[in-house]
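Atoms considered below: every heavy atom in the structure, side chains included; atoms not considered: hydrogens, waters and symmetry mates. From a predicted model like this one, the values you see are computed outputs, not experimental measurements.
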Amino acid sequence: MEEVNAAGGAKKKLYSAVQPTNALTIGNYIGAIKNMAAMQDEYECVYAIANMHAITVRQVPAELRRNTLSVLALYVACGIDPERCTLYIQSHVPCHAELAWVLNTFTYVGEMERMTQFKDKSAKHADNINMGLMDYPVLMAADILLYNAEVVPVGVDQRQHLEIARDIAVRFNNAYSPTFVVPEGVYPKVGAKIGDLLDPSKKMSKSSENTNGTVFMNDGRDVIIKKFKRAVTDSGNEVRYDPENKPGVSNLLSVYTAFSGKSIAEAEREFAGCGYGQFKLAVGETVADALAPVQSEQARLLSDKEYLNGVLKDGAARAYKTASSTLSKVYRKIGFYQL
Ligand code: TYM
């Protein structure tokens, strides 16, 4: 039966995923998870833990396993409700790899070589520029297209991947007949790209070498406050949102508004006349206060493996139902003989 939204209309379908590499950062939270939780009432949501994407960079197996459950527990601790959303692990649904293979034949090598993330990661992992790293956006397109997703909430670093998913969908639809829904990216108005605290021009990333500029969702209170106290600001002393001229302060304001629920204008008023030191301390304390209950709920959930496994089993079964139906349609259209 089709799910309905508050206005009584059919709910639009929404898809997103996070890679279980390392601990997640407040960038992942602000850019994606916060929206994923907020959108669950209005949309029919499918949320994956993208472990197949994660192995495009070498992982320590035990850590990958641990991080996978950690992401699930974090999803739930951040308010994503497994009763209302489908939560599953990408590798539990074989259709992702299968559709990615078909979509590979609708994707050009040159397009993949031009992807910014591929170029960045190739430079960073020059000893392991594997085919999976290059094919990453095609697997991501398969993720989204399998679930007929109309909207995909992500940070702006994923915009290029989303555009290619749209291009592939359109290409396939034009070659056969309308098959895939062409998805739209949804980016937060503020915080679509949280910057590193020590270099706001750089994306805050799970895998930065210097972790002092990255705030992890599982950092303790003292660590969080210390990291914010050290954050770079800009010349002058005014707390004003101006990403062009004040990238450091604007980044901190984005973080502050995401965790306090206040608007940028309210925050600017609140910190009018404050020095940067006082402002940075307030941001650190706000983030630490907001994360404390999330962290304890995540820890509680992680101690209940039976519950988490139940969520995953149920999620994989639900995901498979939709994904296998899309895949079967694709196989039919391309001429695979089916029994
Ligand atoms: P990943 O795991 O790198 O990041 C997860 C989500 O967090 C967002 N994000 C940020 N947003 C704002 N500021 C930042 N500093 C920041 N860092 C990360 C990302 O944009 C993303 O939304 N390829 C994806 C995972 C994926 C996916 C998908 C997403 C696989 N299949 C299908 C959507 C749909 C990725 O690596 O995200």
Assess the side chains of [X] and [Y]: does a donor N or O sit below 3.5 Å from an acceptor N or O?
X: S208; Y: N210; result: no
X: D143; Y: Q90; result: yes
X: S254; Y: K193; result: no
X: N245; Y: D234; result: no

Polar side-chain atom of [X] near backbone of [Y] as donor-acceptor pair, under 3.5 Å:
X: K333; Y: S328; answer: no
X: D304; Y: L301; answer: no
X: E111; Y: Y108; answer: yes
X: N130; Y: L133; answer: yes
X: T211; Y: T214; answer: no
X: E150; Y: E184; answer: no
X: K206; Y: Q19; answer: yes
X: N67; Y: T21; answer: no
X: N51; Y: S91; answer: yes
X: N35; Y: P153; answer: no

Using the ring-ring contact (aromatic ring centres under 6.0 Å, His included) rule, collect all pairs that involve residues 67-88, keeping only residues at least two apart or in two chains.
->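 Pairs touching residues 67-88 that pass the test: Y88-H96, Y88-Y147.
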Answer whether the closest heavy-atom distance between the side chains of [X] and [Y] falls below 4.5 Å.
X: K203; Y: D196; result: no
X: P20; Y: L64; result: yes
X: V170; Y: F180; result: no
X: R332; Y: Y337; result: no
X: V151; Y: K13; result: no
X: Y43; Y: K12; result: yes
X: P82; Y: V76; result: yes
X: L302; Y: L308; result: yes

Using the rule that Ile, Leu, Val, Met, Phe, Trp and Tyr join whenever any side-chain heavy atoms are under 4.5 Å apart, tell me whether [X] and [Y] fall into a single cluster.
X: L69; Y: L74; answer: yes
X: L312; Y: V18; answer: yes
X: L198; Y: Y256; answer: no
X: F216; Y: Y29; answer: no
X: L139; Y: M112; answer: no

[X] bridged to [Y] by N-O distance under 4.0 Å:
X: E44; Y: R84; value: no
X: E270; Y: K262; value: yes
X: D314; Y: R318; value: yes
X: D219; Y: K227; value: yes
X: R300; Y: E297; value: yes
X: E163; Y: R114; value: no

From [X] atom [atom1] to [Y] atom [atom2], the distance as rounded to the nearest 0.5 Å:
X: I30; Y: N251; atom1: CD1; atom2: CG; value: 8.0 Å
X: T286; Y: L252; atom1: OG1; atom2: CG; value: 11.5 Å
X: I164; Y: R159; atom1: CD1; atom2: CZ; value: 14.5 Å
X: I26; Y: L291; atom1: CD1; atom2: CG; value: 7.5 Å
X: I168; Y: L145; atom1: CD1; atom2: CG; value: 7.5 Å
X: I334; Y: K329; atom1: CD1; atom2: NZ; value: 13.5 Å

Can you see which heavy atom on [X] is nearest to which on [Y], and at what distance?
X: A319; Y: V93; value: CB-CG2, 3.9 Å
X: A149; Y: V181; value: O-CG1, 3.6 Å
X: A97; Y: M52; value: CB-CE, 3.8 Å
X: L146; Y: A323; value: CD2-O, 3.5 Å
X: C78; Y: M217; value: SG-CE, 4.3 Å
X: Y187; Y: V154; value: CD2-O, 3.3 Å

Exercise. State yes or no: are the ring centers of Y136 and H161 separated by less than 6.0 Å?
Key: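 Yes.
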TODO: Establish, yes or no, whether a centroid distance under 6.0 Å links the rings of Y47 and Y15.
DONE: no
Please walk me through it: do Q298 and S70 pass side-chain contact (heavy atoms from CB on, under 4.5 Å)? CA-CA 8 Å; Q298 186 190 19; S70 259; 4.0 Å; yes
Sequence neighbours excluded, the answer for ring pair (Phe, Tyr, Trp, His ring centres under 6.0 Å) partners of F279 is F271
Partner residues of Y331 under the ring pair (Phe, Tyr, Trp, His ring centres under 6.0 Å) criterion, sequence neighbours left out:
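Ring pair (Phe, Tyr, Trp, His ring centres under 6.0 Å) list for Y331, sorted by chain: F336.
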Stepwise salt bridge (charged side-chain N to carboxylate O under 4.0 Å, His left out) check, K246 with E238: CA-CA 9 Å; K246 286 177 158 283; E238 200 190 348; 5.3 Å; no
Would you find more than 12 non-hydrogen atoms of other residues, nucleotides or ligands less than 6.0 Å from Q338 atom CD?
yes
(request) Assess whether atom CG of N237 is packed by more than 12 heavy atoms of other residues, nucleotides or ligands within 6.0 Å. (result) no
- Should V249 and R240 be marked as a side-chain contact (heavy atoms from CB on, under 4.5 Å) after you check the CA-CA gap, both sets of side-chain angles, and the distance that decides it? CA-CA 7 Å; V249 167; R240 183 165 48 84; 5.8 Å; no
Exercise. Passes side-chain contact (heavy atoms from CB on, under 4.5 Å), T326 versus T179? Steps please.
Worked result: CA-CA 8 Å; T326 306; T179 307; 5.7 Å; no
Test log, rule side-chain contact (heavy atoms from CB on, under 4.5 Å), inputs Q40 and M36: CA-CA 7 Å; Q40 63 188 332; M36 289 159 68; over 6 Å; no
